[in-house]
There are 2 protein chains.
Amino acid sequence: MEELKFDANGLIPVVVQDERTKDVVMVAYMNQEAFDLTLKTKNAHYYSRSRRKIWLKGETSGHFQKVKSIRLDCDNDTLLLLVDQKVAACHTGYFSCFYRAWENEWKVVGEKVFDEKTVYKDDPKDGA
Amino acid sequence: MEELKFDANGLIPVVVQDERTKDVVMVAYMNQEAFDLTLKTKNAHYYSRSRRKIWLKGETSGHFQKVKSIRLDCDNDTLLLLVDQKVAACHTGYFSCFYRAWENEWKVVGEKVFDEKTVYKDDPKDGA
């Protein structure tokens, strides 16, 4: 395959788009292992820069991302996943992490679809 | 405003989505100046990491991105632009830079909408 271009930390940014709504729901990072696990399982895996480990999206919340298509950009240094997003992508309870729009200040425009306190009982970002 | 979180190089990644087709067309980077110019002019400006300067998307090709909405993610470290993409985003002639999909190899699935040789006469990436 064309070689994916990982950065100096061995990571590649990944844009995630829900196939049904076409919403861009998040951006995360993969290393080679996360990419291989994603290909193998068809469930999105990422590399957490803060926790320094692979995570399966949905492992805590159940909000898995079933991967429908993987796209590569012209520079080979960014991926786009088209996914079936279960419930919501964002740990804050919004469907998309991009739930604020600039209208002379950042205003909430996104849809809140679950109560994050009932889903993430401990660390709200652990394995979101 | 909530502070944008720029990285160690003073940059923030920007996902660009065409408002009409909902296609994710590219990912680029902004510094504070590019962000301010984008807000002021409503035309997307980025910071080129290779050329180390601000560029107005479309300055060479005419393929401007009229900004319709600017979204911020939950971590304040990634932006999403909804734009009216003129002609095509990618310097290769495809509408989206994400024109290849993984099907046991990278296969072209995108739509080619212009001949890049007629648009970029010199450096094909200069001011794309």
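Letters A, B, ... are given to chains in the order of the sequence lines, protein chains preceding strands, and every chain is numbered from 1.
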same_hphob_cluster(B:Tyr29, A:Ile12) at 4.5 Å side-chain heavy-atom cutoff: no
Minimum side-chain heavy-atom gap B:Arg100-A:Asn76 below 4.5 Å: yes
Transitive ILVMFWY side-chain link B:Tyr46 to B:Val67, under 4.5 Å: yes
Atom group of B:Leu79 that falls short of 4.5 Å from chain A, counting heavy atoms: both
Shared hydrophobic cluster, A:Leu81 / A:Leu39 (ILVMFWY, side-chain heavy atoms < 4.5 Å): yes
Hphob cluster co-occupancy, B:Tyr47 + B:Phe35, side-chain heavy atoms under 4.5 angstrom: no
Exercise: identify the closest heavy-atom pair between B:Leu4 and A:Trp106: CD2-CZ2, 3.9 Å
Interface moiety of B:Ser69 toward chain A, non-hydrogen atoms closer than 4.5 Å: side chain
Side chain to side chain contact (heavy atoms under 4.5 Å, CB included) between B:Leu72 and A:Phe98, intermediate numbers included: CA-CA 5 Å; B:Leu72 178 63; A:Phe98 296 94; 5.9 Å; no
Shared hydrophobic cluster for B:Val16 and B:Phe95 (ILVMFWY, side-chain gaps under 4.5 Å): yes
Partner chain A: residue of B:Arg71, B:Glu103, B:Met26 with the largest heavy-atom pair count (under 4.5 Å): B:Arg71
A:Asp73 side chain reached by B:Val27 side chain, heavy atoms, under 4.5 Å: no
Validation row: B:Tyr94, A:Cys74 side chains within 4.5 angstrom (heavy atoms): no
Any donor-acceptor pair under 3.5 Å from A:Gln17 side chain to B:Lys22 backbone: yes
